Amino acid sequence: MNSDEQDDEKKGGMTMVRAKGGQPSIRDVAQYANVSVASVSRYLNNGGGVGAEKRQAIAAAIEMLHYQPNPIARALAVNEMSSISVILSDISLYGPMKILEGIEEESRRCGYLVSVSLLDADIEKARETVDGLARSRPLGCVIIDLDRTSSTHALISYIRKKMPTVLISDERGQSDVELGAYIGGYEITKYLLSLGHKTVHHVSVPVNNNRYTRTHGWRQALQDAGAPIPEPIAADWDCREANRIGEYLSTLPDVTAVFAGNDEVAAGVIRGLTMAGKRVPEDISVAGFDDNPIASLTVPSITTWRQNFKDFGFRAVRLLRKDETALSSSVALEDQLRDDASRAAFVDQHLIVRESTTRLV
């Protein structure tokens, strides 16, 4: 190591050598305390065999150097590394990717590794994937919002039998962390009706087959208000298809408000309406869903329902850790979760009003 790659520090009559700009390592602590690396490792992991004098020297070194143990390296050193398996069917969409980001961030903070698996549409191949994950003995599994057909219902039951599992989805009563899409769809629709629109047309996105989707929330809000319920228009995830739907909606004389299933679709609908000569929001108000960053960048910016996807990921990891605590301490899971109203709980989500909606004149 040359002079450009190292810093020399005088500590207690000895010279410390540490990589320039680097964080102090366990070797730095050992050198400063004049003990072995193994002694520092045992001290950090509450192991025996470290005498009182050495413990005092190590503690002083850690304080002097502001040493912060790496939780992953520490776990590997004592062969206690835990991992979390994440299972999902699509990583191209904004929501699942942000949930995954939250899972990874919280797992890293806790010292867990994260593995990600995309399940094959073939149920038998999917089970083979699950069997492989279970053999690695992870702390648990997080399932992100799989398409809910009869086969995936069976697959989720299969996964739950193999390992501790947290399901993040829309389905009330089945989810451990509920996405709350139904509430979002209801509130968006209620807001548009409050602006004086007689009804709200809906461009739906592919969603899980259950009763708690954003489409169901839209329909219930119209029904509660005694408003006409138009037939929803199904869209895929392609914004070009939404563009064509926007052009089609421009031809319907009764359309003054549109709720799109996500912000990308809303952007496509707005473009289609604009190309057909309609003004948004002066002629037709358009709202989206999710609060994708694109929603604040379009012209006009898009009124939307904000789902705090990263918090869904945080909560999933925390639920798995509570499972682990219950198992390791022989305390009933119900006692571990006494501070929660239930495992299925909502995180912060709310309406964000922007330029794409206005009061009907």
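These numbers were taken from a predicted model, which means no experiment stands behind them.
- With sequence neighbours excluded, the residues satisfying side-chain hydrogen bond (donor to acceptor under 3.5 Å, both in side chains) with Lys98 are Glu101.
- Side-chain polar atoms of Thr303 and Thr357 form a donor-acceptor pair below 3.5 angstrom.
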Start with the C-alpha gap between Arg315 and Arg318, add the side-chain angles, then the distance that decides, and say whether side chain to side chain contact (heavy atoms under 4.5 Å, CB included) holds.
CA-CA 5 Å; Arg315 184 171 180 83; Arg318 291 165 189 165; 5.5 Å; no
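- A search for side-chain hydrogen bond (donor to acceptor under 3.5 Å, both in side chains) contacts involving Asp290 returns nothing, not counting sequence neighbours.
- Under the rule for a side-chain hydrogen bond (donor to acceptor under 3.5 Å, both in side chains), the partners of Ser85 that lie at least two apart in sequence or sit in another chain are Ser115.
- A tilted orientation is assigned to the rings of Phe259 and Phe289, their planes being inclined by 30° to 60°.
- The pair Glu105-Arg109 does not meet the salt-bridge criterion, since no charged nitrogen lies less than 4.0 angstrom from a carboxylate oxygen.
- With sequence neighbours left out, the salt bridge (charged side-chain N to carboxylate O under 4.0 Å, His left out) criterion links Arg135 to no other residue.
- Between Leu222 and Pro230, the shortest heavy-atom contact is CD1-CD, 4.0 Å.
- Listed by chain and number, the residues in a side-chain hydrogen bond (donor to acceptor under 3.5 Å, both in side chains) with Glu355 are Ser301 (sequence neighbours excluded).
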Quick one, Arg244 with Glu247, criterion salt bridge (Lys or Arg N to Asp or Glu O under 4.0 Å). Give me CA distance, side-chain angles, the key distance, then yes/no.
CA-CA 5 Å; Arg244 290 188 287 270; Glu247 293 178 344; over 6 Å; no
With a cut-off of 3.5 Å and sequence neighbours excluded, list every side-chain donor-acceptor pair involving residues 180-194.
from: Tyr186; atom 1: OH; to: Asp224; atom 2: OD2; distance (Å): 2.7
from: Thr189; atom 1: OG1; to: Gly185; atom 2: O; distance (Å): 2.7
from: Ser194; atom 1: OG; to: Tyr191; atom 2: O; distance (Å): 2.5

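- With sequence neighbours excluded, no residue forms a ring pair (Phe, Tyr, Trp, His ring centres under 6.0 Å) with Phe314.
- The ring pair (Phe, Tyr, Trp, His ring centres under 6.0 Å) test applied to His201 returns no partner, not counting sequence neighbours.
- Under the salt bridge (charged side-chain N to carboxylate O under 4.0 Å, His left out) criterion, Asp291 pairs with Arg306, Arg354, not counting sequence neighbours.
- By the salt bridge (charged side-chain N to carboxylate O under 4.0 Å, His left out) test, Asp236 is found to be paired with no residue, residues two or more places apart in sequence or in another chain being considered.
- Partners of Ile233 by side-chain contact (heavy atoms from CB on, under 4.5 Å), not counting sequence neighbours, listed by chain and number: Ile245, Tyr248, Leu249.
- For Leu297, the side-chain contact (heavy atoms from CB on, under 4.5 Å) test picks out no residue, with sequence neighbours left out.
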